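In the text below, chain A, chain B and the rest are named by the order of the sequence lines, each starting its count at 1. Small disclaimer: the values here were computed from a predicted structure and weren't measured.
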Amino acid sequence: MKNYLDELNEPQREAVEATEGPLMVIAGAGSGKTRVLTFRIAHLIEKGVDPFNILSLTFTNKAAREMKDRISKVVGANEAKNLWMGTFHSVFARILRVEATRLGYPSDFTIYDTQDTQSVMKKVLEELQLDKDIYKPKQVLHRISQLKNNLITVRAYHNNPELIEADAAAMRPKMGDVYRAYVDRCFKSGAMDFDDLLLRTNEVLTRFPEVLAKYQERFKYILVDEYQDTNHSQYLIVKALASRYENLCVVGDDAQSIYAFRGANIRNILSFQQDYPDAKVIALEQNYRSTKTIVGAANQIIAQNKDQLEKNVWTANDQGQTIPIYRALTDADEARYVASQIWELEINEHLKHQDIAILYRTNAQSRAIEEALRKRNLPYRVFGGTSFFQRKEIKDLVAYLRLLINQNDEEALLRIINYPARGIGQTTLNKLTVASGELDKSIYEILENIGQYNSKIGLNKPTSQKLNDFITMIKSFKVMLQNHDVYEVATHVAKTTGLIKTLKEDDTPEGISRLENLQEILNSIQGYVEEQKQLDEGDPSLSGFLENVALATDADNSDDDENKVSLMTVHLAKGLEFPAVFIVGLEENLFPSMMNLNTRQELEEERRLFYVALTRAEKFAQMTYSVSRFRWGKIVDSEPSRFLEEIDDKYLEWKNLNAGLPINKSGLNANLFEDDYSQVPKFERKKPEEKKPATPLKPKAGFKPVAQANIINQMNGESVELSAGKIVMHDRFGKGKVISLEGEMDNVKATVLFDNAGEKKLLLNFAKLKVIS
DNA sequence: TATTTGTGCCTTTTT
DNA sequence: GGCACAAATA
């Protein structure tokens with residue numbers, strides 16, 4: 001227990017022991033930053049600091065849990081349990097449960113997720129009669145998010161001619177009205193969006209000195225992980241809380257700042273020393289994670305960026321293998337290659353599924369990979385994308401529960417008032433909404449006294465009765481909540497509202513899976529209730545559960561013990577490490593993203609993202625790019641990413657540079673499903689030392705009519721040869737005979753004479769033809 | 001009113 | 001190819 005300090009190197013140890021005063025730790029990738037944070041907290045407790053006085057802000061809730069576990073092992077669970085650890089959003093949501101009433105919010109305020117806010121915004125824009133093609137909900141919300149993260153309130157906005165002008169110049173002169181209406185609407189619904197959680201925390205700390213003093217006293221020691229990714233709002237909260245004792249330790253790596261798009265401000269880390277002139281700064285430069293090859297290649301990448309702090313990450317680890325870079329012909333080929341390499345790694349290097357991660361730039365890329373993994377029977381888990389709690393069937397049930405806690409939650413109410421269908425249509429809802437505005441009462445309040453309003457609103461008897469039935473049902477749930485636990489209520493809700501029945505009627509695979517999801521959420525509610533009942537400070541209440549739902553990140557609820565290959569975006573991979581990592585889709589306009597090519601700053605963030613991806617790898621890293629890819633339903637040609645050029649060839653091993661698309665020999669994409677390309681007509685072999693690898697060696701697109709083409713059999717994914725005379729099957733047209741084939745390489749058209757539908761020209765890329773004989 | 005069919009838009013990245 | 005929204009129909 002005492003010798004934990006011996007497990008640290010010199011700078012790590014220094015960072016752990018410098019407990020008093022401001023400290024910034026610049027931690028290179030893989031340099032043991034989590035270790036430092038963990039031991040530092042343990043050390044504080046060992047020195048006699050009350051865990052109650054320590055606040056630790058992590059990037060995910062999962063990271064917080066893991067750190068807590070590790071601290072428990074050093075100082076004991078009893079000590080560790082009083083630590084405040086979590087993400088900014090979850091910690092300050094907890095604080096706002098106590099303090100938000102000062103700002104006029106209910107303490108059971110709802111947290112609106114992205115879906116909710118978009119839905120609110122659409123209604124706002126409709127009400128203001130603004131063109132939703134100009135005021136695109138997503139863009140407008142992004143703008144508001146920017147404003148909030150810079151603590152520009154509605155009033156501040158209207159007092160700021162510069163901002164108003166900027167929005168006018170961007171063709172959105174009504175931005176201020178939209179902002180006000182959106183904020184009002186959320187407030188009336190007793191709801192906060194993600195940015196509000198930070199903005200309102202700032203507000204409460206600024207407006208109420210006694211609140212500030214309370215939390216300053218409470219959090220005498222503050223630690224912030226991933227400091228490079230904090231935004232201005234978070235920065236100010238930390239600054240305010242730490243200003244009394246200044247026992248603030250921030251840990252970060254400017255080279256890994258990848259959240260500028262959501263307001264992260266790299267200046268927070270770059271200017272720490274100006275904010276705290278007597279701050280101690282410690283750099284952790286020894287990488288314990290990766291091979292020399294990986295560290296060397298990563299260093300070369302990041303060296304291309306201008307905006308960065310000097311540092312020299314090095315490692316004493318083995319040289320390791322060179323990094324293979326596979327040039328794929330299509331995204332399917334890329335996926336197939338990755339799957340086959342995973343097999344090899346598992347056999348030759350004795351890796352388990354869980355040792356392997358596949359990282360990509362966009363969530364959409366997972367599909368092709370998933371398919372290839374399934375074919376190889378490799379179990380996998382996809383992180384991110386539409387998370388469990390975003391699914392419709394889950395949101396429906398949660399909306400009922402939300403309404404029980406916060407009757408003003410209009411999003412929840414409108415979502416479920418007619419789901420499952422109970423004959424309350426759009427017309428009725430419009431009337432209610434109008435009445436709600438005129439009477440300045442929430443829709444729920446109107447419904448509670450529907451008898452007294454229905455003539456004024458203009459509702460007929462049957463409709464009024466339906467509304468009354470609905471509100472009676474909701475009220476009965478509320479009553480039940482008083483003496484039953486959340487699981488019992490949720491189950492009752494799912495049954496009595498007809499949610500389960502509706503899903504049961506749908507026996508398509510999707511319907512069945514939705515029913516399973518509903519079952520799963522009920523199970524997880526039960527699990528949550530049981531778990532919270534066990535804990536001393538557990539909160540088995542419905543509002544506690546709902547907060548978890550709103551702030552759960554996908555990285556949080558992983559089944560750790562499952563042995564599966566991980567698939568995720570590079571963003572989600574931050575802070576993780578794997579023995580083997582595949583980075584796929586290294587192509588121009590994808591990674592770097594086409595959206596981020598306009599300014600140097602944007603491009604540098606993409607480069608940092610690539611740096612993060614590569615530095616996740618311990619022993620084996622591989623990269624792939626494809627010369628063509630399915631995007632927006634079309635095959636798009638692509639070129640290798642510029643980032644590949646930035647790595648010295650001594651670290652790399654270029655693979656499959658010669659494979660082309662031999663349209664004149666055996667047809668389109670003939671060789672996608674074989675590993676042996678030796679039979680394929682060769683393009684000029686490229687020698688890396690002669691030519692920069694990233695210069696695309698694209699096979700020239702052929703424009704000749706083709707005699708044959710290979711299509712991919714929809715059933716088993718195998719390639720099947722197609723030529724004139726073959727009998728094929730089409731979903732809509734039925735059976736038919738191929739008359740001829742024509743067209744360009746990736747754009748082959750087949751003329752088919754169908755038995756019942758006559759002659760059709762079909763694009764092979766789109767028509768799902770099955771070859772019968 | 002509810003359900004089905006058709007269309008236009010789309011894609012970064014996430015708390 | 002997929003999803004959200006609009007129009008068309010029972």
Give the rounded distance in Å between these two atoms: [atom1] of [X] and [atom2] of [N].
X: A:D331; N: C:dG1; atom1: CG; atom2: P; value: 12 Å
X: A:D225; N: B:dT15; atom1: CG; atom2: P; value: 15 Å
X: A:K132; N: C:dC5; atom1: NZ; atom2: C1'; value: 8 Å
X: A:Q118; N: C:dC3; atom1: CD; atom2: P; value: 15 Å
X: A:E126; N: C:dA6; atom1: CD; atom2: C1'; value: 13 Å
X: A:Q146; N: B:dT14; atom1: CD; atom2: C1'; value: 15 Å
X: A:L198; N: B:dT15; atom1: CG; atom2: C1'; value: 8 Å
X: A:Q365; N: C:dG2; atom1: CD; atom2: P; value: 17 Å

Is the closest side-chain donor-acceptor distance between [X] and [Y] under 3.5 Å?
X: A:Q228; Y: A:E226; value: yes
X: A:Q465; Y: A:D469; value: yes
X: A:T463; Y: A:N460; value: yes
X: A:S626; Y: A:E334; value: no
X: A:S233; Y: A:N202; value: yes

For a quick check of understanding: with a heavy-atom distance under 4.0 Å over all strands, which category does [X] fall into, base, sugar-phosphate or nothing?
X: A:S90; answer: nothing
X: A:K122; answer: sugar-phosphate
X: A:Y259; answer: sugar-phosphate
X: A:S233; answer: nothing
X: A:N418; answer: sugar-phosphate
X: A:R608; answer: nothing

Nucleotide N/O of nucleotides 9-12 of chain B paired with protein N/O under 3.5 Å:
unit_1: B:dT11; atom_1: OP1; unit_2: A:K138; atom_2: NZ; d: 3.1
unit_1: B:dT12; atom_1: O2; unit_2: A:R361; atom_2: NH1; d: 2.8
unit_1: B:dT12; atom_1: O2; unit_2: A:R361; atom_2: NH2; d: 2.1
unit_1: B:dT12; atom_1: O4; unit_2: A:N596; atom_2: OD1; d: 2.8

Assuming nearest nucleotide by heavy-atom distance, tell me which of A:T569 and A:T428 is located more 5' along DNA chain B.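 The residue whose closest nucleotide sits nearer the 5' end is A:T428.
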Please tell me which of A:R262 and A:R422 maps to the more 5' nucleotide of DNA chain B, matching each residue to the nucleotide holding its nearest heavy atom.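 Its nearest nucleotide lies further toward 5', so the answer is A:R422.
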Would you call A:K148 and A:D193 a salt bridge, using N to O less than 4.0 angstrom?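 A salt bridge links A:K148 with A:D193.
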Give a yes or no on whether the ring-centroid distance for A:Y259 and A:H571 is below 6.0 angstrom.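 Yes, they do, as the ring centres are separated by less than 6.0 Å.
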Side chain to side chain donor-acceptor pair (under 3.5 Å) partners for A:K466, two or more places apart: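 Partners of A:K466 by the side chain to side chain donor-acceptor pair (under 3.5 Å) criterion come out as none, since no residue qualifies.
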Can you tell me how far C1' in B:dT11 sits from the matching atom in C:dA6, rounded to whole Å?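 Here B:dT11 and C:dA6 have their C1' atoms 22 Å from each other.
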Please determine if a side-chain N or O atom of A:T60 lies less than 4.0 Å away from the OP1 or OP2 oxygen of B:dT14.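 No, because none of the side-chain N or O atoms of A:T60 sits under 4.0 Å from OP1 or OP2 of B:dT14.
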